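What follows is a single structure, written as structure tokens, with notes after it.
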Amino acid sequence: MPPPPPPFGRARKRAAHAFDAALDDAELAAARSALAQGRWQTARSLLARTGDDWDRRGHRVTVLAQEPYCVAWTRDWLLAEPDSVDAAVLLALAQVRRALRGKQKPVRAREACHTAAALAPADPTPWLGLLMLESALGAEGEVRRLFDEVRARYADHHHAHHLMVARLAEHRVGAGPDPLHEVYDFANEAAERAPADSPLAILPVIAHAERYRVLAAAGHEPRDAAASAHWTGRRARQVMRAAFDWWLEWEQEGHPRRLIDLNFLAHAKVCEGRGAEAAALFHRIGEHATPSPWSYPDRDPYPAFRAARDTALGMA
């Protein structure tokens, strides 16, 4: 029997601020709430409507998979509908989440992802699950192979590119600051290859932030991002300007993960000392803060976000 949902009113330890991975997707938030109470039918309908919008599907599945009882309730779904591809994919990603939290052996999560991939050969989402797992636990060759599997199904997969940038940024930590680091080449090539309206245009900013995370943690850059030359050199200025100019002209406001990009871009503008540009981004972000990159390198992310936003908006 699956565990019952937690009773209402139970005292829980809570963080000072809970980030909402659903961002501004109200349908996703509703499906997640229903799933927490064992009503998997809402998640079923949501994923059926999502179809092959692969970035949106990946976002919705990974968020639903974070629900603590997702494995149990999705197994109930599979008992009712043994041939459900959506249930198999959601179960696989939920098991990946459990493995990443140390609650399950990784081999079981890998098996679930391969089972889901066999049922849905065109779907990059099971491969995204494997990429999430191996980005944290796996060898370099396997990470690259899985990234290629995702791209073979959807070349511009947003989440997969972010995972690769974060992993590549960790290469050659001891070399210190290096404007020719491979993560920059990877991000630039992906941005140039993507369609004109793709949010991958901002990937060079993501690469810059991820490399800062690594360098600051290793002591090669100040932990106060605003005091780091990492954000004010010629290359940094070019990257930030190009990304901000692109955003001003971007008309695809419906991308499911765009708020992640906007948080990275706002963070970059704050570190660069461009308060007016940061303010424009904070207006668009609203309350949809994301832990990364405000936590970089080891900060409490929500106070960092609030302090940066208040300063940019003139409320400090």
Side-chain angles (χ1 to χ4, degrees), residues 23 53-59 62 124 127-128 131-132 135 140 143-172 177-215 225 230-272 274 277-278 280-281 284-285 290 292-293 296:
L23 301 173
D53 181 345
W54 298 127
D55 273 339
R56 191 173 306 278
R57 178 174 172 83
H59 174 60
T62 55
W127 297 100
L128 174 66
L131 180 60
M132 292 168 61
S135 291
E140 188 64 32
V143 172
R144 290 182 181 272
R145 184 187 74 81
L146 292 169
F147 177 69
D148 289 342
E149 291 283 2
V150 175
R151 287 203 70 243
R153 291 159 176 82
Y154 180 46
D156 302 315
H157 201 289
H158 190 272
H159 195 164
H161 279 82
H162 276 233
L163 289 170
M164 278 300 296
V165 162
R167 178 65 182 251
L168 290 174
E170 295 171 357
H171 289 186
R172 297 190 293 111
D178 178 4
L180 302 179
H181 192 276
E182 64 190 286
V183 73
Y184 303 136
D185 289 339
F186 173 86
N188 289 336
E189 290 172 6
E192 291 170 2
R193 185 176 59 234
D197 63 348
S198 169
L200 293 183
I202 296 180
L203 202 63
V205 175
I206 314 302
H208 207 73
E210 295 293 357
R211 187 60 179 167
Y212 169 73
R213 168 182 60 85
V214 173
L215 291 173
H230 183 80
W231 298 97
T232 55
R234 180 181 177 185
R235 183 195 172 280
R237 290 196 304 270
Q238 290 174 338
V239 166
M240 305 315 163
R241 170 52 59 191
F244 186 76
D245 287 349
W246 177 88
W247 172 70
L248 289 175
E249 298 179 2
W250 192 38
E251 297 179 353
Q252 300 295 325
E253 280 294 293
H255 191 276
R257 285 169 50 91
R258 71 192 182 285
L259 287 159
I260 296 173
D261 289 320
L262 295 187
N263 273 269
F264 271 92
L265 189 52
H267 174 266
K269 286 298 177 182
V270 168
C271 295
E272 192 186 9
R274 309 282 294 191
E277 294 174 355
L281 291 154
R284 189 59 58 89
I285 291 166
T290 57
S292 299
Y296 295 172

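Keep in mind that what you see is a predicted model, and the values were worked out from it rather than measured. Residue numbers run from 1 in the order of the sequence given.
Distance CD1/I202 to CH2/W246: 5.0 Å, rounded to 0.5 Å. Between the CE atom in M132 and the CG atom in L128 there is a gap of 6.0 Å [rounded to 0.5 Å]. A distance of 8.0 Å separates NE2 of H159 from CG of L131, quoted to the nearest 0.5 Å. Interatomic distance, R172 CZ to H181 NE2, rounded to the nearest 0.5 Å: 4.5 Å. Atom CG in L262 sits 14.5 Å away from atom NE2 in H267 (nearest 0.5 Å). Between L265 atom CG and I260 atom CD1 the span is 14.0 Å, to the nearest 0.5 Å.
R213 is linked by a side-chain contact (heavy atoms from CB on, under 4.5 Å) to A166, E170, E210, Y296, counting only residues two or more places apart in sequence or in another chain. Considering only residues two or more places apart in sequence or on other chains, N263 meets the side-chain hydrogen bond (donor to acceptor under 3.5 Å, both in side chains) condition with W294. Every ring pair (Phe, Tyr, Trp, His ring centres under 6.0 Å) that H208 has, sequence neighbours left out, goes to Y184, H230, W231. By the salt bridge (charged side-chain N to carboxylate O under 4.0 Å, His left out) test, D148 is found to be paired with no residue, residues two or more places apart in sequence or in another chain being considered. Residues passing the salt bridge (charged side-chain N to carboxylate O under 4.0 Å, His left out) test with E189, sequence neighbours excluded: none. Remark: P124 engages W54, V150, R153, Y154, H157 in a side-chain contact (heavy atoms from CB on, under 4.5 Å) (not counting sequence neighbours). Residues meeting the ring pair (Phe, Tyr, Trp, His ring centres under 6.0 Å) test with F147, sequence neighbours left out: H161, F186. R193 pairs by the salt bridge (charged side-chain N to carboxylate O under 4.0 Å, His left out) definition with nothing, not counting sequence neighbours. Contacts of E272 classified as salt bridge (charged side-chain N to carboxylate O under 4.0 Å, His left out), with partners at least two apart in sequence or in another chain: K269.
Across all non-hydrogen atoms, the minimal contact from C271 to T232 is O-CG2, 4.4 Å. What you find for L203 and A190 is that their closest heavy atoms are CD2-CB, 3.7 Å. Nearest heavy-atom pair across L23 and R257 is CD1-CA, 4.4 Å. The two residues A191 and P204 have their closest heavy-atom pair at CB-CD, 3.9 Å.
Listed by first and then second residue, the salt bridge (charged side-chain N to carboxylate O under 4.0 Å, His left out) pairs that reach into residues 236-248 are R241-D245, R241-E277, sequence neighbours excluded.
Side-chain contact of D261 with H158: a donor-acceptor pair under 3.5 Å is present, judged by distance alone.
In this structure, D55 and H255 have side chains that are in contact, with non-hydrogen atoms separated by less than 4.5 Å. Residues S292 and F264 have side chains in contact (heavy-atom distance under 4.5 Å, counting atoms from C-beta outward).
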